[in-house]
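Labels below follow one simple rule: chain letters A, B, ... track the order of the sequence lines, proteins then strands, and each chain is numbered from 1. Here the structure is a predicted model, which is why all the values come from computation and not from measurement.
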Number of protein chains: 2
Amino acid sequence: MGHFLGITVNEKLYIKDPQSSELGQKIIQNGIILIDEIGFENFTFRRLASKIESTEASVYRYFENKQKFLIYLLNWYWEWLDFRLSNSTINIKEPKKRMTVMLMVLIDAAKKDLEVPYVDEDILHRIVIVEGTKVYHSKEVDQQNNDGFFAAYKSVSERIAKGILDIKADYPYPRSTASLIIESAFNTLYFSEHLPRLTDIKRDQKDQSDELLHMLEFYVQKLLA
Amino acid sequence: MGHFLGITVNEKLYIKDPQSSELGQKIIQNGIILIDEIGFENFTFRRLASKIESTEASVYRYFENKQKFLIYLLNWYWEWLDFRLSNSTINIKEPKKRMTVMLMVLIDAAKKDLEVPYVDEDILHRIVIVEGTKVYHSKEVDQQNNDGFFAAYKSVSERIAKGILDIKADYPYPRSTASLIIESAFNTLYFSEHLPRLTDIKRDQKDQSDELLHMLEFYVQKLLA
DNA sequence: TCAAATATAATAGTAATACTATCATTAACG
DNA sequence: CGTTAATGATAGTATTACTATTATATTTGA
């Protein structure tokens, strides 16, 4: 079982729980840094092992392969985000206000309420933006979905869908719109940096996340009008 | 330069124009089929060569590597889609009607108006849905963007953004919304098949693309209200 | 406290991948 | 008819993605 204040990751994603040992935590910590630095396609267990001054074989004792490792990290992120979404809205009764807070948490503009020493959540957030959709766009998606690899992502999505229905109970597309909001948030952050012609949010402006929040609120408000 | 009724693909994406020779066309045709069958991660030039009874070295004479090959195929698709969007709306003056037609073309519900013998557009469409976002989510994105690898995609997106502004000239987020529409359309088709809890559109229903069209029209109508 | 179990390190090895190079053969072209 | 261009055949290299084996250090618990 996973550790540390409740971030539990699907057991099928690892061979030996990396949160349970020092080496495992170093793998997580430096894996996040390395994937962010060189990108997932260039990332190898050999390089990671060398970075942490361990061996390839040792890393393989924790994770079957780098794909599972990435899914593990993303799962960790979605569990963490799901916790933060839950935690930050627990005392807010008004549906629209709840939605605003969820959007803030989603784009990471809210302050962190759960810190784990071996996970840099900001770097992990970047990884989720860049590599997030790769894991379910594979030939193994159906098998992996059966194994519950995407449960945490679906939980986040359903939480937002529920927030939509709380605002407007007869809204016809809560799930699609929830996915749309999540993907729009991430795409905007990525596009503003790399493909600016695909978005209206500028990278340079210092209140970028304000602008993004306004846009997402605009979407929600218009769609649920 | 590219061939066949105007599908021209960025020259930097290939070493030798595959549309100009029989072997090149076989590479395109069977490459599409093979990627669809086994997925891009399992796809290799060796396997492709064996499928077309040629050699790895021969395939490498056309494309530098499989990543460029995928970008080539996606580019081909975006050029083709851009042409169809343009072609199918050229005589429609009413902005809302134009948008509807564009949405229909986007989800492939409209009949084809340009057929190329060595490209199965339906299979290619599936590849775009599954592998489409992988190409720009890489460490090379900025260099590749400079080289114009995503120009065709941006052209499609801008065409839709323009369609949005034609309906409502002061709409604040035309580009983001255009991206959102494209990605929503593709995600819905993928999710309905593999991660149905992330969408409200069911796979089984026989009028699936009708439902998808309705949803996209709902989005456009609400957002531009 | 000693023996046993466990975790990691060190090393080696294999099959597949992602190419590059060379040379022979065929087709096409002027 | 001779030259050029395209493809095929074959081989080779570096890297990747693992698996296996043995040695050593650490922890545990009887």
Side-chain angles (χ1 to χ4, degrees), chain A residues 1 3 11-31 34-35 37-73 118 131 134-135 138-140 144, chain B residues 1 3 11-31 34-35 37-73 118 131 134-135 138-140 144:
Chain A
M1 287 293 152
H3 282 223
E11 287 182 20
K12 290 191 179 169
L13 284 169
Y14 51 80
I15 296 166
K16 176 172 154 59
D17 182 3
Q19 295 191 108
S20 71
S21 76
E22 211 181 315
L23 181 61
Q25 294 177 9
K26 276 174 84 174
I27 289 172
I28 294 176
Q29 180 170 32
N30 292 277
L34 191 54
I35 290 174
E37 271 173 20
I38 64 178
F40 183 66
E41 346 305 312
N42 301 317
F43 171 83
T44 66
F45 280 174
R46 181 178 293 264
R47 277 197 251 271
L48 173 56
S50 140
K51 189 180 174 83
I52 62 180
E53 282 168 312
S54 177
T55 63
E56 219 180 340
S58 296
V59 179
Y60 274 105
R61 270 187 222 105
Y62 284 87
F63 294 100
E64 224 177 293
N65 53 50
K66 71 172 189 167
Q67 286 75 21
K68 289 254 173 77
F69 180 54
L70 178 60
I71 301 177
Y72 177 93
L73 294 178
Y118 47 88
E131 321 286 359
K134 290 176 187 172
V135 296
S138 83
K139 280 285 162 189
E140 291 77 38
Q144 295 181 339
Chain B
M1 287 293 151
H3 282 223
E11 287 181 21
K12 289 191 180 170
L13 284 169
Y14 51 80
I15 296 165
K16 175 172 154 57
D17 182 3
Q19 297 191 108
S20 71
S21 77
E22 211 180 315
L23 181 62
Q25 295 177 8
K26 277 174 84 174
I27 289 172
I28 294 176
Q29 180 170 31
N30 292 277
L34 190 55
I35 290 173
E37 271 173 19
I38 64 178
F40 184 66
E41 344 307 310
N42 301 317
F43 171 84
T44 65
F45 280 175
R46 181 180 293 265
R47 278 197 251 271
L48 174 56
S50 140
K51 189 180 174 81
I52 61 179
E53 283 170 312
S54 177
T55 63
E56 219 180 340
S58 295
V59 178
Y60 273 105
R61 276 189 207 103
Y62 284 86
F63 295 99
E64 225 177 293
N65 54 50
K66 71 172 187 167
Q67 285 76 20
K68 288 255 173 79
F69 180 54
L70 177 60
I71 301 177
Y72 177 93
L73 294 178
Y118 48 88
E131 321 287 359
K134 291 176 187 171
V135 297
S138 84
K139 280 286 162 189
E140 290 78 39
Q144 294 181 341

Quick one: on DNA chain D, does I52(B) or E56(B) contact a more 5' nucleotide (nearest heavy atom)? I52(B)

Under a 4.0 Å N-O cut-off, is there an ion pair linking K68(B) with E140(B)? no

Please report, rounded to the nearest Å, how far the P atom of dA18(C) is from the CD atom of E41(A). 12 Å

Measure OH/Y60(A) against C1'/dT11(C) and give the value in whole Å, please. 16 Å

Please test E37(A) against R47(A) for salt bridge (charged side-chain N to carboxylate O under 4.0 Å, His left out), starting from the C-alpha separation and ending with a verdict. CA-CA 12 Å; E37(A) 271 173 20; R47(A) 277 197 251 271; over 6 Å; no

Spatial distance of atom CZ (F40(A)) from atom NZ (K66(A)) [nearest 0.5 Å]: 5.0 Å

Integer-rounded Å distance: dT19(D) P and I15(A) CD1: 8 Å

Which nucleotide in the set dA20(D), dA9(D), dT8(C) lies at the smallest distance from any side-chain heavy atom of A57(B)? dA9(D)

Can you see if the side chain of S21(B) gets near the phosphate of dT7(D) - specifically, an N or O under 4.0 Å from OP1 or OP2? yes

How are the rings of F45(B) and F69(B) set to each other: parallel, tilted or perpendicular (split at 30° and 60°)? perpendicular

At less than 4.0 Å, is any side-chain N or O atom of Y62(B) found next to OP1 or OP2 of dT7(D)? Yes or no. yes

Can you check the N42(B) CG to dT16(D) C1' distance for me, whole Å? 15 Å

Output yes when a side-chain donor or acceptor of E41(A) lies under 3.5 Å from a complementary backbone atom of S138(B), and no otherwise. no

Under 4.0 Å: is that the gap between some side-chain N or O of T55(A) and OP1 or OP2 of dA10(C)? no

Send over the distance from L23(A) CG to dA25(D) P, rounded to a whole Å. 17 Å

side-chain N/O R47(B) vs dT17(C) OP1/OP2, d < 4.0 Å: yes

Looking only at side-chain N and O atoms, does S54(A) come under 4.0 Å of OP1 or OP2 in dT8(C)? no

Whole angstroms only, please: what is the CZ-P distance between F45(B) and dC19(C)? 8 Å

For E64(A), report the nucleic acid contact type (base, sugar-phosphate, nothing); a contact means any heavy atom under 4.0 Å. sugar-phosphate

Tell me: CZ of R46(A) to P of dA14(D), nearest whole Å? 14 Å

In whole angstrom, what separates F63(B)'s CZ from dT7(D)'s P? 12 Å

